[in-house]
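Below: one structure, written as structure tokens.
In what follows, every chain begins at residue 1, and chains take the letters A, B, ... in the order their sequences are listed.
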Number of protein chains: 2
Amino acid sequence: MANQLNPHVSVDCVIFGFDFEALHVLLIDRELSTSNTPVIKKDLKLPGSLVYDDEDLDTSASRVLKELTGLENIFLRQFHIFGSPSRVSNKIDLDWLTYTSKLPISRVVTIAYYSLVKIDEVNSADKLAMHGAHWIALDDVGNLAFDHNEILQAGLETLRSRLRAEPIGFELLPKKFTIRQLQTLYEVIIGQKLDSRNFRKKIAKLRYLIPLQEREINVAHKPAQLYRFDKRLYYKTRKENFVFTL
Amino acid sequence: MANQLNPHVSVDCVIFGFDFEALHVLLIDRELSTSNTPVIKKDLKLPGSLVYDDEDLDTSASRVLKELTGLENIFLRQFHIFGSPSRVSNKIDLDWLTYTSKLPISRVVTIAYYSLVKIDEVNSADKLAMHGAHWIALDDVGNLAFDHNEILQAGLETLRSRLRAEPIGFELLPKKFTIRQLQTLYEVIIGQKLDSRNFRKKIAKLRYLIPLQEREINVAHKPAQLYRFDKRLYYKTRKENFVFTL
DNA sequence: CCAAAAGTGTTACCTTTACACCCATGG
DNA sequence: CCATGGGTGTAAAGGTAACACTTTTGG
């Protein structure tokens, strides 16, 4: 009984990465075929898995992430449950699930997670490709398998709204980063240009953003100051701001 | 197959109500007994249900709410899934579930919803008691069944954090309310006293909070102006504020 | 006339916004 | 020496926070 895949519950992960220009998401090839037909169509899906009977949901999502990226202890949060009885209803999707899981599949409830990774720490594109995984810029995402477009969209909106309340942007940047990189990150996630003088003033007031004795190298312009984010200091000094919309 | 209860997936609802003084939550008697033993213990649980095979998750939660309160079209949002393999592991919990559902139960993942209702529109306390349901003030909640204390706590935190971003407080107030009632509501949810002159100034600027040609009656003090919340106007005039914590 | 909550304004401070030019580096 | 992005300050406007007294009703 234990260590069996549970055919009723799955996890799917929206894994975000940032290359200093745009947000990307990690997607997996899905080859549509059945036991006796050749590949009839390819498309892309979110990384995911059925959950083992004795496995915690968070553990299951961590496992997917680890297998794919090689990383552990990564920012990972469940954000929504997709459980419409008809969400896996078309024949191709059902066949694919039944074939790949070797289990009788009817209704599958999926727990959607979003994850933020530092692209430079993840397996290289070559290694990812061996798992059929690719970084796709958000603007280039086409029709995905199952209801994964809907899940991706919801994950993006969660990221947007959480970014306003928590300093999670740093999960997407290398340990050392420039203010410009941070600003661009906020701009692409929020979808708004920001004034960089005002942005820098904001930064300057935050004691948990610490300028290093280091600058960029090999750039064809004045090299920028590097900073790091001190998470511990953030949580020590953070003050609840009781601003509410009403 | 259709219209069968799915023994793997349930919904649980944290239903909040406000009586102008404190937040309350709607809880249900659970009588612990088995086929051949009498009632051995009573405790309280969140209202919930297993999900039918052909039933949407939101529909399932609405069904629970309707059965209990008599209300439809109520504010109801999923906020977390609880799916630890050991969350229903003690014998009493397992026996109860198996006995009441008449299904073989092992692991159950539950989708937790929080709901905001106007206490004056819900079934009266008498009617509720016929379903074994009671409004319990948050401060008076003791040990609940299963992991329901944890679910309740998470629901409360979700309510707190959403209240800062969305005007959902009005779901807990009658259609006509006073500024003092609104302020008390915010105070008990946020857990902070607010300055009432400043609070009123804030209100005065909001065009979607509309003073009525009506005042309180039968109060032993100067009767207060009544207001209503115009949801449509709110969504028409709302402007995204791009404040972010960083 | 008393108790109880309603309602009202001002000031100091802080935050946000808008806006333009010189600097340091690589090629 | 040119192209590229790095880095800087000020002023006006708006929002937030702190604070005490008069008004209106029921009993």
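- The pair B/E31-B/K45 does not meet the salt-bridge criterion, since no charged nitrogen lies less than 4.0 angstrom from a carboxylate oxygen.
- At a cut-off of 3.5 angstrom, counting only N and O atoms as typed in the model, there is no donor on one side facing an acceptor on the other between the side-chain of A/R197 and the base of C/dA18.
- A/I203 has its CD1 atom 14 Å from the C1' atom of D/dG7, to the nearest Å.
- One finds a salt bridge joining B/E121 and B/K175 here, because a Lys/Arg side-chain nitrogen approaches an Asp/Glu carboxylate oxygen to under 4.0 Å.
- The residues A/E72 and A/R63 are annotated as not salt-bridged, no charged nitrogen and carboxylate oxygen being separated by less than 4.0 angstrom.
- Base engagement by A/D195 is indicated by at least one non-hydrogen atom pair under 4.0 Å involving a base atom.
- Atom CD1 of B/I179 and atom P of C/dA5 are 17 Å apart (whole Å).
- With rounding to whole Å, A/L226 atom CG is found 14 Å from D/dG7 atom C1'.
- The residues A/R228 and A/D230 are annotated as salt-bridged, a charged nitrogen and a carboxylate oxygen being separated by less than 4.0 angstrom.
- Distances shorter than 4.0 Å separate some side-chain N or O of A/R200 from OP1 or OP2 on D/dG7.
- Rounded to whole Å, atom C1' of C/dG27 lies 12 Å from atom CG of A/N218.
- Two residues, A/V219 and B/K201, neighbour DNA chain C, and the one matched to the more 5' nucleotide by heavy-atom proximity is B/K201.
- Between the side chain of A/K205 and the base of C/dT15 there is no donor-acceptor pair of N/O atoms closer than 3.5 Å.
- When rounded to the nearest whole Å, the span between NZ of A/K202 and P of C/dC14 equals 17 Å.
- What separates CG of A/L182 from P of D/dG7 is a distance of 13 Å, to the nearest Å.
- Between B/R215 and C/dG7, a side-chain N or O to OP1/OP2 separation shorter than 4.0 Å is present.
- In this structure, B/E67 places its CD atom where more than 12 heavy-atom neighbours from other residues, nucleotides or ligands lie under 6.0 Å away.
- Nucleotide D/dT4 holds its C1' atom 11 Å from the CD atom of A/E216, rounded to whole Å.
- Residue-to-nucleotide proximity on DNA chain C shows that, of A/K222 and A/N198, the 5′-proximal contact is made by A/N198.
- B/Q225 comes within contact range of the sugar-phosphate backbone alone, with a heavy-atom separation under 4.0 Å but no base atom that close.
- Rounded to a whole Å, the CD atom of B/Q183 is 12 Å from the C1' atom of C/dG7.
- For A/R180, a side-chain nitrogen or oxygen approaches OP1 or OP2 of D/dG6 to under 4.0 Å.
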